[in-house]
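Numbering starts at 1 and runs along the sequence shown. Note that the structure is predicted; figures quoted are calculated from it, not measured.
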Amino acid sequence: MVSCRPTVVPVISGRMIRLLLSIPPSEMERFIFHVADNMNRGAKLLEDLEQKYEVAELNLRAGEKLLQQQSFHSAVNYLMTGITLVGDDSWGAKYSLTLRLYDA
């Protein structure tokens, strides 16, 4: 069995995050839950604020899609993850995104 050293995992996860953010929008909608789940697993590794906003937007889209399907419990999980990612300072920097996350 091959073992990953703990120092290698964050690098791989960071690369995975950048790769997932580059998926074309049409493909992203088809696999939004899979992509959002993978992004959320590596979200702690995000240092760039713009990437955090992109992942929060992805969580918003996944949450809204689940609300349309009346899957409220799952929707709340995505929306709360998005709120956590944008942080308290987002009201000034990304007002529309932040409002949509809280208002969904």
Side-chain angles (χ1 to χ4, degrees):
M1 176 178 210
V2 177
S3 163
C4 281
R5 293 175 298 174
T7 57
V8 175
V9 175
V11 174
I12 293 170
S13 297
R15 288 183 183 154
M16 179 68 83
I17 288 170
R18 287 189 292 282
L19 177 66
L20 290 172
L21 284 174
S22 69
I23 294 175
S26 61
E27 291 297 310
M28 185 73 76
E29 287 306 314
R30 284 183 48 206
F31 301 106
I32 192 156
F33 303 117
H34 298 292
V35 174
D37 289 339
N38 281 295
M39 296 292 272
N40 292 340
R41 284 189 195 103
K44 293 177 189 172
L45 303 172
L46 291 174
E47 295 177 5
D48 181 61
L49 195 53
E50 285 304 314
Q51 283 184 339
K52 287 182 180 183
Y53 290 147
E54 288 182 59
V55 176
E57 174 73 34
L58 183 63
N59 276 282
L60 173 64
R61 289 176 19 211
E64 288 175 336
K65 191 170 188 174
L66 285 166
L67 286 173
Q68 291 173 352
Q69 298 171 4
Q70 297 183 355
S71 182
F72 303 113
H73 181 73
S74 297
V76 167
N77 290 331
Y78 286 106
L79 296 169
M80 290 304 296
T81 300
I83 288 170
T84 301
L85 283 167
V86 297
D88 295 334
D89 297 334
S90 64
W91 286 105
K94 290 287 186 177
Y95 179 81
S96 177
L97 172 61
T98 306
L99 181 62
R100 289 174 53 212
L101 281 164
Y102 278 93
D103 197 37

Got a second to check how far [X]'s [atom1] is from [Y]'s [atom2], nearest 0.5 Å?
X: Met39; Y: Ile23; atom1: CE; atom2: CD1; answer: 8.0 Å
X: Glu54; Y: Ser22; atom1: CD; atom2: OG; answer: 10.0 Å
X: Phe72; Y: Asn77; atom1: CZ; atom2: CG; answer: 14.0 Å

Are [X] and [Y] in one and the same hydrophobic cluster, where Ile, Leu, Val, Met, Phe, Trp and Tyr link if side-chain heavy atoms are under 4.5 Å apart?
X: Phe31; Y: Val55; value: yes
X: Leu66; Y: Met28; value: yes
X: Ile32; Y: Leu85; value: yes

To check you understand the geometry: which heavy-atom pair defines the closest contact between [X] and [Y], and what is its length?
X: Gly82; Y: Ala56; answer: O-CB, 3.6 Å
X: Leu67; Y: Ala104; answer: CD1-O, 3.4 Å
X: Ala75; Y: Gly63; answer: CB-O, 3.5 Å

task: Name all residues meeting the side-chain contact (heavy atoms from CB on, under 4.5 Å) criterion together with Ile83; count only those two or more places apart in sequence or in a different chain, and write none if there are none.
output: Met80, Leu101, Tyr102
message: Walk me through whether Tyr78 and Asn40 qualify under side-chain contact (heavy atoms from CB on, under 4.5 Å).
response: CA-CA 9 Å; Tyr78 286 106; Asn40 292 340; 4.0 Å; yes
- request: Please confirm whether the backbone N or O of Glu29 pairs with a side-chain atom of Lys65, one donor and one acceptor, at under 3.5 Å?
  value: yes
Side chains of residues 41-52: which donor-acceptor partners sit under 3.5 Å, not counting sequence neighbours?
residue : atom : partner : partner atom : Å
Arg41   : NH1  : Asn38   : OD1          : 3.1
Asp48   : OD2  : Glu50   : N            : 3.4
Asp48   : OD2  : Gln51   : N            : 3.1

Name each donor-acceptor pair under 3.5 Å that joins a side chain in residues 86-94 to protein atoms two or more places apart or in another chain, with its distance.
residue : atom : partner : partner atom : Å
Ser90   : OG   : Gly87   : O            : 2.9
Ser90   : OG   : Thr98   : OG1          : 2.7

message: Working note: Leu79 + Asn59, criterion side-chain contact (heavy atoms from CB on, under 4.5 Å); need CA distance, chi angles, decisive distance, verdict.
response: CA-CA 6 Å; Leu79 296 169; Asn59 276 282; over 6 Å; no
- prompt: Below 4.0 angstrom, N of the basic side chain to O of the carboxylate: do Glu64 and Arg61 qualify?
  reply: no
